[in-house]
Novice: 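The following block contains the structure, expressed as structure tokens.
Model, not experiment: these values are computed from the prediction. Any value given below was found using the heavy atoms of this structure, including those in side chains, with hydrogens, waters and symmetry copies removed.
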Amino acid sequence: MTQRLAHTALVVQDYDEAIAFYVDVLGFDLVEDTYQPEQDKRWVVVRPKGEGSASLVLARASSEAQQAFIGNQAGGRVFLFLQTDDFWRDYKLYQERGVEFTRDPLVAEYGTVAVFKDLYGTLWDLVEFSTES
């Protein structure tokens, strides 16, 4: 049996502002943005550049209950992990683009990592794993 995670849903406030952040600021690819009239919503998929990247479905909150989880889908923990092949390149680029880092870079046995927030406050690790990992 072969299985893999295809998408992770990320609840957002607004499709267009989320696309702007993930595509223009983080440099992700916009894979799909299709209106679904039967549900009056959009199917928006983004993913980091690179082969084998998992993708995010940017899902606009459609209820007050969903709205409450925007920016806090993991209860204050890091929710997503963005692996890079060059930590310092991406760290500096993201700083230049105004990304807010909440934890300074740390060089550890497993690699180099820093925590940043997306436009809604969702916490991410930017990480370059060491070759031993």
Novice: Testing Leu58, Val44, Asp24, Val45 for side-chain contact (heavy atoms from CB on, under 4.5 Å) with Leu30, which one passes?
Specialist: Val44
Novice: Which is it for Asp33 and Arg42 under the salt bridge (Lys or Arg N to Asp or Glu O under 4.0 Å) test, yes or no, and what are the steps along the way?
Specialist: CA-CA 6 Å; Asp33 183 359; Arg42 289 160 60 184; 2.7 Å; yes
Novice: Could you check whether the rings of Tyr110 and Phe129 sit parallel, tilted or perpendicular, using 30° and 60° as the cut-offs?
Specialist: tilted
Novice: Side-chain heavy atoms under 4.5 angstrom apart, residues restricted to Ile, Leu, Val, Met, Phe, Trp, Tyr: same cluster for Leu56 and Val78?
Specialist: no
Novice: Return the orientation label for the Phe101 and Tyr94 ring planes: parallel under 30°, perpendicular over 60°, tilted otherwise.
Specialist: parallel
Novice: Is any side-chain heavy atom of Tyr15 closer than 4.5 Å to one of Arg60?
Specialist: yes
Novice: Can a donor-acceptor pair be found, under 3.5 Å and without considering hydrogens, that links the side chain of Gln73 to the backbone of Thr122?
Specialist: no
Novice: Should Tyr120 and Phe21 count as side-chain neighbours, where that means a heavy-atom distance under 4.5 Å?
Specialist: no
Novice: Verify the neighbour count for atom CD of Glu64: are there more than 12 heavy atoms of other residues, nucleotides or ligands below 6.0 Å?
Specialist: no
Novice: Got a donor-acceptor contact below 3.5 angstrom from the Ser55 side chain to the Ala6 backbone?
Specialist: yes
Novice: May I ask you to test the Val12-Ile70 pair for a side-chain heavy-atom distance under 4.5 Å?
Specialist: no
Novice: Are Leu80 and Val115 linked, directly or through other ILVMFWY residues, by side chains that come within less than 4.5 angstrom of each other?
Specialist: no
Novice: Could you tell me if the side chain of Glu128 sits less than 4.5 Å from the side chain of Asp85, heavy atoms only?
Specialist: no
Novice: How about Asp40 and Tyr35: do any of their side-chain heavy atoms sit closer than 4.5 Å?
Specialist: yes
Novice: To the nearest 0.5 Å, tell me how far Lys92 NZ sits from Arg97 CZ.
Specialist: 15.0 Å
Novice: Does some side-chain heavy atom of Val99 sit less than 4.5 Å from a side-chain heavy atom of Leu26?
Specialist: yes
Novice: Classify the angle between the aromatic ring planes of Tyr91 and Phe87 as parallel (below 30°), tilted (30 to 60°) or perpendicular (above 60°).
Specialist: parallel
Novice: Out of curiosity, does Phe116 fall in the hydrophobic cluster containing Val23 (side-chain heavy atoms, cut-off under 4.5 Å, transitive links)?
Specialist: yes
